[in-house]
Amino acid sequence: MKIRLEVLVSITAMVTAVAAVVVAILQTQVMHEEASMEREHQRLSVMPALLVYTGSHIGDDKGSFNVGLVNQGIGPAVIESFSVKVEGVESADWEELVAQGTGGQVQIAGDARNVDGVTLSDLTPGTIVPAGENVVPIKLDTTPENAAILRDFSDRLVVSVCYCSLYEECWNTSNQRARPTPAKMCPSRRGDAG
């Protein structure tokens, strides 16, 4: 009887040990899944979503044209590259771009300037656009005639932005597409149009 009691105690101890190992494995797996879900939640809670747009206004006496970016996401967007092209040709600056895109009809600088007001914002790599913020790289206050020319020009204008989240997840977007597309990384070129 004594031997049976010792065997029973040993078997019970062994079953208890195996059960403890199984519980520990399950607990570790649950903790790993919870940690993964927490990381995903944190990642999504800082995800930016930039929208690039062009806008124009043609009034009776005044007109305007602008290019803007708005961060519709819930986290800051870090601009890594910014470029502007007209019909596939990239321009070094806004002055050249507007002149090229309007066939020289609209000039924003120099003696031939025919725009009342020019507001430029720099979008160099590293620029942070907070959630909900709007950035206007160029705004032109001008005549209704020039605003109509600029509105036509905006159909041929491609403004491209590559940006990243704080978790270094990156996206490409432009005024030609409705949604940002994921990018493995942004181009190493560090130029801007302003």
Side-chain angles (χ1 to χ4, degrees), residues 33-57 64-102 106 108-109 115 117-142 147 150-194:
E33 288 175 9
E34 285 179 357
S36 292
M37 288 179 1
E38 180 66 25
R39 281 191 301 274
E40 179 68 7
H41 173 73
Q42 288 174 344
R43 184 184 69 78
L44 292 175
S45 70
V46 296
M47 189 170 142
L50 282 185
L51 171 70
V52 181
Y53 64 90
T54 59
S56 60
H57 167 73
S64 66
F65 173 79
N66 66 61
V67 173
L69 305 166
V70 62
N71 185 351
Q72 297 178 321
I74 53 178
V78 181
I79 305 290
E80 294 297 332
S81 67
F82 178 81
S83 68
V84 289
K85 297 178 183 178
V86 175
E87 297 174 349
V89 178
E90 192 166 351
S91 295
D93 57 38
W94 288 110
E95 179 182 349
E96 178 185 314
L97 178 85
V98 170
Q100 172 190 347
T102 62
V106 178
I108 66 171
V115 173
V118 177
T119 305
L120 301 174
S121 296
D122 195 18
L123 285 179
T124 57
T127 300
I128 296 175
V129 181
E133 290 294 313
N134 190 38
V135 176
V136 180
I138 184 170
K139 182 175 188 296
L140 306 175
D141 295 313
T142 187
L150 290 162
R151 178 181 284 172
D152 292 339
F153 150 72
S154 70
D155 293 337
R156 296 175 286 118
L157 176 67
V158 177
V159 180
S160 300
V161 180
C162 189
Y163 66 95
C164 300
S165 72
L166 297 178
Y167 282 95
E168 296 182 3
E169 293 176 304
C170 301
W171 296 267
N172 286 308
T173 192
S174 77
N175 62 317
Q176 302 295 311
R177 50 180 111 98
R179 292 182 178 203
T181 56
K184 289 188 180 194
M185 63 186 331
C186 290
S188 60
R189 191 179 138 270
R190 297 293 183 165
D192 70 310

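Partners of Glu87 according to the salt bridge (charged side-chain N to carboxylate O under 4.0 Å, His left out) rule, which considers only residues two or more places apart in sequence or in another chain, are Arg156. For Asp141, the side chain to side chain donor-acceptor pair (under 3.5 Å) test picks out Lys139, with sequence neighbours left out. Taking Ala147 as the reference, Ile58, Thr142 meet the side-chain contact (heavy atoms from CB on, under 4.5 Å) condition, with sequence neighbours excluded. Applying the side chain to side chain donor-acceptor pair (under 3.5 Å) test to Ser56 and every residue at least two apart in sequence or in another chain returns Arg151. With sequence neighbours left out, the side-chain contact (heavy atoms from CB on, under 4.5 Å) criterion links Glu95 to Asp93, Ile108, Ala109. Shown here are the side-chain contact (heavy atoms from CB on, under 4.5 Å) partners of Pro48, two or more places apart in sequence or in another chain: Asn71, Ala77, Tyr163, Ser165, Trp171. Residues meeting the side-chain contact (heavy atoms from CB on, under 4.5 Å) test with Ser160, sequence neighbours left out: Ser83, Val158, Ser174. Judged as a side chain to side chain donor-acceptor pair (under 3.5 Å), and not counting sequence neighbours, the contacts of Gln100 are Ser91.
Atom OG1 of Thr54 is separated from atom CG of Leu150 by 10.5 Å, given to the nearest 0.5 angstrom. To the nearest 0.5 Å, atoms CD (Glu80) and CE (Met185) are separated by 9.5 Å. Expressed to the nearest 0.5 Å, how far CG of Asp155 lies from CD of Gln176 amounts to 8.5 Å.
Taking the side chain as every heavy atom from C-beta outward, Leu69 and Leu123 approach each other to under 4.5 Å.
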For residues 126-138, which side-chain donor-acceptor pairs fall under 3.5 Å, sequence neighbours excluded?
{"residue": "Thr127", "atom": "OG1", "partner": "Thr124", "partner atom": "N", "Å": "3.3"}
{"residue": "Thr127", "atom": "OG1", "partner": "Thr124", "partner atom": "O", "Å": "2.7"}
{"residue": "Asn134", "atom": "OD1", "partner": "Tyr53", "partner atom": "OH", "Å": "2.8"}
{"residue": "Asn134", "atom": "ND2", "partner": "Tyr53", "partner atom": "OH", "Å": "3.0"}

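Disulfide check for Cys170/Cys164 passes, with the SG atoms closer than 2.5 Å.
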